[in-house]
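See structure below.
Throughout, a chain's letter reflects where its sequence line sits, starting with A, and its residues are numbered from 1. In what follows, every heavy atom counts, from backbone to side chain, and hydrogens, waters and symmetry copies are set aside.
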There are 2 protein chains.
Amino acid sequence: MNVGTPTIDSGLYSSRRMPPVTVADQQHFAWLARSFGRTDYLPLSPADLSALTETGEYVEKYPGTHLFREGEIARHAYIIEKGEVELYRTIGDLKRVVTRVGEGTVLGDIAMFQEEPYISSAKAITPVRAFRFDRDKLLPVLVKHPVVTLRWLVAGLSQLESTQRRVLRLMHRTVKEQVAEMLLDDADQRGEVHISQGALATLLGASRQTVNEALADLKEAGAAETGYRLIRVVDREALAEAAGH
Amino acid sequence: MNVGTPTIDSGLYSSRRMPPVTVADQQHFAWLARSFGRTDYLPLSPADLSALTETGEYVEKYPGTHLFREGEIARHAYIIEKGEVELYRTIGDLKRVVTRVGEGTVLGDIAMFQEEPYISSAKAITPVRAFRFDRDKLLPVLVKHPVVTLRWLVAGLSQLESTQRRVLRLMHRTVKEQVAEMLLDDADQRGEVHISQGALATLLGASRQTVNEALADLKEAGAAETGYRLIRVVDREALAEAAGH
DNA sequence: CAACAACTGTCGGCAAGCCGACAAACTCCG
DNA sequence: CGGAGTTTGTCGGCTTGCCGACAGTTGTTG
């Protein structure tokens, strides 16, 4: 989503008593700034950013491992720098996927701020690199840096909006329409989506067979192609058509 | 359409010259504080609260009138003090209900913070009294009062959580289960829900007929009773049973 | 390279739910 | 009181999508 927003605040690295700023630092700062919403709005100050980097540390996760699990007391929030994470809840012995998220998404903050158990589990799908905020360090910093808090707020609210949109996307629509729209939304630069049809079905709350049938229709219409754990967008026009504009 | 919508400024809180603190003030403060999440967590200071009261004013809305409409540039956010508001979006010529909300809910903040058009329309269902925040006044106050911002953040995030829950509630469940759960969640002290079956159907994304059939089942099971624009919970146990625990 | 696990593709039977239609009941208001 | 508008209750026909089953394909691992 935030892809292609290369807004590096020029005056950012001229700050005072900081250690020499490396290229890695610059990338890190720019990335942190981007992650909290649009950069042209209430930009984060260098002080804001460096304060944030001291509220936690980077963690790396292999596919299949958990960032956190449902029920654990939330002491950390995460922001994904690279990779893909699946959020799910277990109800009874059923696993229900809440959503899949990628680069720039903030995770676990809901529970962390309220110091309650995590509402869902977060599992790495691909290799994941994420910044882990420490609650006890973060709160004082947020109180001292209101602009960062405001940014966080905006980021949280836009996530709320996209979830509301997802509600509407689920309601009143056939699986074929949902699949088409999902492909339009989630295809990468090459027009590919790397996901198994089963996982896609879980995301949409449909059965694997029905998703497969929908994909067969889309293939026949020349809108998409499928492979092993792969769906490729061939004709965006046709997909939009199938999604109902 | 907004004919006869009285925008009443309470006049109570026009300060800057430090007015005496009245009983009404205290009630107002307590209510504002409650609305932004749990009070035992990072409590709002009196200074925080009085700062907030100067960032907007009260408005009153008759049933059927709009607090704001989809597409208007968002310059205000609202917090409902009394009454019920329906959030909906129009897609094509279809009206889709996003949600219904009541006392304590914050509205329109997503769009306001980003200074973008409102994403959905907000219409009063019952007589509504709400506090309307003014963007231009609010932002400076938030920057100066980080704790308030943090509270706002927590409020926003818990709304995100309830929306996520709603996604799960919609998926994989029959209309009967959804109706039962909705009744359990939304019944008032007398165990009554005042809503037409048609409106309930729109909320759940189902047809009126199917909802009616589900209610007939629940009636037969002795779990609920129905009347004109009214559903009464008779047996919570049985309802929970029908909802799938 | 062989065996296994995961994934894709397809079929038929069955249930949930939508739609149009219509009668009966209820509210509101002059 | 009476009529208009809204809401409830119910029917049958039809579509979507779920489920179980199974065969074929692709990737992985020892």
For D/dG9, does either OP1 or OP2 sit under 4.0 Å from a side-chain N or O belonging to B/N212? yes

Find the distance B/H194:NE2 to C/dT27:C1' and express it as a whole number of Å. 16 Å

Does D/dG9 have OP1 or OP2 under 4.0 Å away from a side-chain N or O of B/T226? yes

Crowded around B/E213 CD? As in, over 12 foreign heavy atoms under 6.0 Å? no

Keeping the roles fixed (side chain from A/H194, backbone from A/L230), state whether a donor-acceptor pair exists under 3.5 Å. no

Whole-Å distance separating the CG atom of A/L200 from the P atom of C/dA6: 19 Å

What is the separation between atom CZ on B/R229 and atom P on D/dG5, rounded to the nearest whole Å? 16 Å

To the nearest angstrom, how far is A/H172 atom NE2 from C/dG17 atom C1'? 12 Å

N or O in side chain of B/K176 less than 4.0 angstrom from C/dG17 OP1/OP2: no

Of the candidates C/dC18, C/dA21, C/dC7, the side chain of B/S207 sits closest to C/dC18

Could you tell me whether the phosphate oxygens of D/dC18, OP1 or OP2, come under 4.0 Å of any side-chain nitrogen or oxygen in A/T210? yes

At their closest point, which heavy atom of B/Y88 faces which heavy atom of B/S120, and how far apart are they? O-CB, 3.2 Å

Of the listed C/dA6, C/dT10, D/dT8, the closest approach to the A/Y228 side chain comes from C/dA6

Would you kindly check whether a donor in the side chain of A/R208 faces an acceptor in the base of C/dG9, or vice versa, at under 3.5 angstrom? yes

Write down the distance between CG (A/D217) and P (C/dT10), rounded to a whole number of angstrom. 11 Å

Taken to the nearest whole Å, CD/B/E213 to C1'/C/dG17 is 8 Å

Rounded distance in Å - CZ (B/R173) to C1' (C/dA16): 15 Å

With a 3.5 Å cut-off and just heavy-atom distances, do the side chain of A/Q209 and the base of D/dG20 make a donor-acceptor pair? yes

More than 12 heavy atoms from other groups under 6.0 Å of CZ on A/R75: no

If we ignore hydrogens and angles and just use 3.5 Å, is the side chain of B/S196 paired with the main-chain N or O of B/R229 as donor and acceptor? no

May I have the distance from A/I195 (atom CD1) to C/dT8 (atom C1'), rounded to whole angstrom? 15 Å

